[in-house]
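Have a look at the structure below before the remarks.
Lettering of chains follows the sequences in order, A, B, ..., and the numbering in each one begins at 1. Just so we're clear, the structure is a prediction, and the values are computed from it rather than from any experiment.
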2 protein chains.
Amino acid sequence: MLTKREMLVLKEIIRHYNETGQPVGSKTIMGTLPMKVSSATIRNDMATLESAGLIEKTHSSSGRVPSDAGYRYYLDHLLQPTMVDSDDLNMIQTIFRQKFYQGDELVAQSAKILSELTHYTAITLGPEVGSMRLEGFQLMPLGNRRVLALLITTSGQVVNKTFVIPDTVTGEQLEAVMRVINDQLVGKPIAQVMDQLDSHLVPLISRYIHSPDFFMDLVHSILSEASADRFHISGKMNILDYAHMNDVDQLKSLYHLIDTDDSLANLLGLDNHDDEGSNAHGVTVRLGHEFPNQLLAHMSLIRATYHAGEYGDGIIAILGPSSMPYSKVIGLMDLFRDELARRIADYYRDHG
Amino acid sequence: MLTKREMLVLKEIIRHYNETGQPVGSKTIMGTLPMKVSSATIRNDMATLESAGLIEKTHSSSGRVPSDAGYRYYLDHLLQPTMVDSDDLNMIQTIFRQKFYQGDELVAQSAKILSELTHYTAITLGPEVGSMRLEGFQLMPLGNRRVLALLITTSGQVVNKTFVIPDTVTGEQLEAVMRVINDQLVGKPIAQVMDQLDSHLVPLISRYIHSPDFFMDLVHSILSEASADRFHISGKMNILDYAHMNDVDQLKSLYHLIDTDDSLANLLGLDNHDDEGSNAHGVTVRLGHEFPNQLLAHMSLIRATYHAGEYGDGIIAILGPSSMPYSKVIGLMDLFRDELARRIADYYRDHG
DNA sequence: ATTAGCACTCAACATCAGTAAGTGCTAAAA
DNA sequence: TTTTAGCACTTACTGATGTTGAGTGCTAAT
């Protein structure tokens with residue numbers, strides 16, 4: 001159990017290290033603590049903090065640096081989110097006041113705003129994913145053995161894809177497939193349709209078409225395009241600033257990670273939904289070393305879920321260095337999730 | 001005018017510098033020249049080359065490094081493209097043998113292949129741009145004041161976009177607009193339609209609709225999406241390897257440049273079509289210092305046009321360091337443009 | 001429990017040869 | 001006239017050595 005002053009010392013070490021990036025010494029702390037104590041006292045406190053594993057030395061006579069555990073302790077016990085300052089608030093509201101045509105634009109813009117305000121990397125995910133249902137499906141012959149497949153979802157997303165049809169396929173067959181899908185599948189959640197493709201669709205289509213392989217491929221292909229997680233990432237290049245990578249190959253791997261939907265889903269914890277690391281504000285912080293992936297070692301992921309009412313939940317997240325102004329960033333995220341949730345609800349209410 | 005041996009010395013300096021990245025000394029050259037001369041002789045030749053501005057010293061007693069002008073001379077007079085080695089050829093053909101559904105995939109894959117073979121950054125541009133014509137236009141009401149606009153081009157590209165319609169717009173008006181566009185504009189080149197939007201479309205639509213602003217916006221928006229240059233870039237992160245940037249901000253600017261369609265168009269010279277820098281193989285090389293942009297200083301852009309017959313011309317390009325194995329890369333580009341042109345012609349012939 | 005004082009540690013920086021790679025120049029050889 | 005051997009000279013790089021300053025841990029006094 002830490003004393004009050006030890007906590008303060010830890011907090012100050014984290015604050016200073018954040019600002020300067022340099023190890024912090026006892027004299028520096030002495031200057032900024034609210035009470036008047038000597039540097040020797042602080043040295044003693046630091047020794048305690050060090051044996052508790054919360055801070056580290058870079059070499060035997062250096063100042064102290066927060067350790068992974070130190071950050072964890074800070075996040076869990078010491079952190080108080082700051083209010084978003086009015087300039088930032090203004091910027092957010094100004095941008096959100098624009099007119100958005102596509103539902104996605106709102107979410108994409110969010111990533112942009114977040115990355116610009118923080119100078120880190122922002123990742124956002126729209127609310128549609130889970131709750132999205134199939135609204136319509138069309139096949140339009142384009143001539144010359146090509147056909148345009150068009151899939152519309154309840155969230156207003158439209159996916160189109162052109163296919164080359166085998167010689168054996170006739171116009172009537174196209175009609176039949178279209179009819180079957182619109183009769184049987186419209187209104188069902190996309191995810192469910194995906195799962196039951198083989199068991200449901202094959203028998204239905206086989207009634208009209210002898211070898212339904214082509215159509216199965218087609219439907220599968222366009223469905224997976226529609227149901228793929230649509231991450232919006234902004235500020236990718238900021239990684240160059242905050243990930244102090246000496247190895248170019250690691251940097252490349254990191255970018256690969258960010259660019260791969262699967263790893264991103266994994267990063268955001270889209271698979272398991274335990275709330276570890278969440279604090280009272282519904283904003284969760286995961287430190288890099290808590291991820292299985294070595295690459296994220298000195299990074300930190302701040303993640304918040306926003307609730308767009310009946311339209312489902314979405315995610316906003318920020319990837320940055322372990323050493324960042326958490327109070328500010330968490331304050332920002334907390335405000336932003338509400339703001340975005342409201343805007344999305346507005347959007348769908350007005351024209352959803 | 002350079003002597004035969006001076007040319008050889010220049011060539012060898014470039015070759016060595018390429019392989020090692022280190023300044024090249026007279027003794028090194030001595031070992032690799034076909035004729036037997038002493039290092040002193042080569043030093044004399046080097047002095048000539050230096051006063052001609054073709055090579056440089058990094059400090060007063062260092063070996064020599066090719067200068068910008070040296071590279072230019074090499075490219076214009078000394079370079080002989082190498083045949084593509086059979087492994088690479090195999091890889092190209094294997095990948096091209098896959099089935100492609102969208103016309104674009106072929107061009108996108110090309111960028112991927114090129115970047116993987118060279119370890120540089122590849123940029124490709126499909127052939128459709130100039131010759132693309134409007135094939136069809138549809139407006140489908142989606143309910144709840146939304147409308148889906150669908151635009152199909154002769155190259156098989158389909159662009160869809162949803163819009164929120166003002167309260168005042170009626171279904172008949174949608175019908176009318178659709179009819180006008182399909183009657184009047186189908187078959188015309190997209191570029192031309194874009195240019196004449198205001199002069200042609202406004203009077204046509206005004207006959208049916210009092211304030212055509214909304215529709216003009218709509219048509220304009222979807223047209224520009226359809227006619228935007230579709231660059232495919234692959235190997236972006238390789239820049240980290242070959243652009244030996246010490247300044248992170250410069251690196252960021254460079255990435256911004258690559259990510260901005262306008263600058264990219266500019267880089268590839270899509271505006272002016274003079275053939276400067278082109279050699280007999282139809283592959284042109286522009287060295288970084290020849291671009292107005294400071295950022296590209298130590299880079300080089302290898303660019304080739306491929307001719308997909310009646311389907312128009314496209315571009316493949318590689319961005320890399322000034323110091324690269326030009327013979328190989330140019331050989332590759334020369335082969336690749338033919339290969340890609342053939343594949344694209346095949347694609348459109350089979351189902352275009 | 002806190003503090004002053006002091007010995008100690010270590011990175012960072014500067015200084016100072018010594019070495020190796022490479023040059024330019026001169027005078028002799030081809 | 002061109003090429004070559006020889007040599008003095010330049011410079012980056014390397015490693016050893018010393019100095020400084022920020023910081024620590026420990027002890028003994030408050």
Side-chain angles (χ1 to χ4, degrees), chain A residues 1-67 70 244 246, chain B residues 1-67 70 244 246:
Chain A
M1 194 54 197
L2 299 185
T3 69
K4 194 80 194 158
R5 196 183 55 219
E6 282 160 357
M7 289 184 188
L8 273 175
V9 170
L10 176 57
K11 212 169 164 180
E12 283 301 306
I13 288 176
I14 288 179
R15 206 172 60 81
H16 269 88
Y17 183 63
N18 235 316
E19 285 172 11
T20 64
Q22 297 300 318
V24 189
S26 50
K27 279 191 194 152
T28 316
I29 299 288
M30 187 174 59
T32 56
L33 269 194
M35 61 275 268
K36 204 186 149 304
V37 283
S38 77
S39 63
T41 309
I42 295 171
R43 276 203 290 286
N44 290 334
D45 289 346
M46 282 173 145
T48 315
L49 290 171
E50 184 169 5
S51 59
L54 301 179
I55 56 179
E56 286 165 353
K57 287 188 279 198
T58 61
H59 60 86
S60 77
S61 75
S62 78
R64 300 312 209 293
V65 158
S67 70
H244 304 293
N246 23 22
Chain B
M1 194 55 196
L2 299 184
T3 69
K4 194 80 194 158
R5 196 183 55 218
E6 282 160 354
M7 290 184 188
L8 273 175
V9 170
L10 176 57
K11 211 168 164 181
E12 284 300 307
I13 289 176
I14 288 180
R15 204 171 62 81
H16 269 89
Y17 182 63
N18 236 317
E19 285 171 11
T20 64
Q22 298 300 318
V24 189
S26 49
K27 279 190 195 154
T28 316
I29 299 286
M30 186 174 60
T32 57
L33 269 194
M35 62 276 268
K36 205 188 151 300
V37 283
S38 77
S39 63
T41 309
I42 295 171
R43 277 204 290 285
N44 290 333
D45 289 345
M46 281 172 147
T48 315
L49 290 171
E50 185 169 6
S51 59
L54 302 179
I55 57 179
E56 286 165 352
K57 284 189 279 199
T58 60
H59 60 85
S60 77
S61 74
S62 78
R64 302 311 211 292
V65 158
S67 71
H244 305 293
N246 23 21

Without decimals, in angstroms, what is the distance between [X] [atom1] and [N] [atom2]?
X	N	atom1	atom2	answer
A:Q22	C:dA11	CD	P	14 Å
A:M30	C:dT2	CE	P	15 Å
B:I13	C:dT23	CD1	C1'	13 Å
B:M46	D:dT3	CE	P	16 Å
B:I29	C:dT23	CD1	P	9 Å
A:Y17	D:dG23	OH	P	15 Å
A:I42	D:dA22	CD1	C1'	15 Å
A:M35	C:dT2	CE	C1'	13 Å

Quick one: which of [options] gets closest to the side chain of [X]?
X	options	value
B:R43	D:dG6, C:dC6, C:dT3	D:dG6
B:T28	C:dG22, C:dG24, D:dG25	C:dG22
B:H59	C:dG24, D:dA12, C:dA4	D:dA12
A:S61	D:dT10, C:dA11, D:dG23	D:dG23

Looking at [X], does any N or O in its side chain come under 4.0 Å of the phosphate oxygens OP1/OP2 on [N]?
X	N	value
B:S62	D:dT11	no
B:R5	D:dT3	yes
B:S26	C:dT23	yes
B:S39	C:dG22	no
B:K57	D:dT10	no
A:R64	D:dT24	yes
A:S38	C:dT2	no
B:T41	D:dT4	yes

Q: Give, for atom OG1 of A:T48 and atom CZ of A:R5, the distance between the pair rounded to the nearest 0.5 Å.
A: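 Spacing of OG1 (A:T48) from CZ (A:R5) equals 9.0 Å.
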
**Q.** Separation between OG1 of B:T32 and CZ of B:R15, rounded to the nearest 0.5 Å
**A.**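 Those atoms lie 5.5 Å apart.
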
Q. Is the closest side-chain donor-acceptor distance between A:E56 and A:S67 under 3.5 Å?
A.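 No, no side-chain donor-acceptor pair sits under 3.5 Å.
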
(Q) Students often get this wrong, so: under 4.0 angstrom with heavy atoms, is A:K27 touching a base, only sugar-phosphate, or nothing? (A)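 Nothing, no heavy atom under 4.0 Å.
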
Q: Using a strict 4.0 Å threshold on nitrogen-to-oxygen distance, state whether A:R64 and A:E50 make a salt bridge.
A: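 Looking at A:R64 and A:E50, the cut-off is met.
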
**Q.** Most 5' of A:N44 and B:E50 on DNA chain C, judged by nearest nucleotide
**A.**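 Comparing both residues, the 5'-ward one is A:N44.
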
Q | Considering all heavy atoms, the nearest B:K27-B:S39 contact | A |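 Answer, listing the atom of B:K27 first, then B:S39: CG-CB, 4.1 Å.
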
Q) Between B:D45 and B:S60, who's closer to the 5' end of DNA chain D by nearest nucleotide? A)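 Result of the comparison: B:D45.
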
Q | Short side-chain to backbone donor-acceptor contact, B:T41 and B:V37, under 3.5 Å | A |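 Checking the backbone N and O of B:V37 against the side chain of B:T41, no donor-acceptor pair under 3.5 Å is found.
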
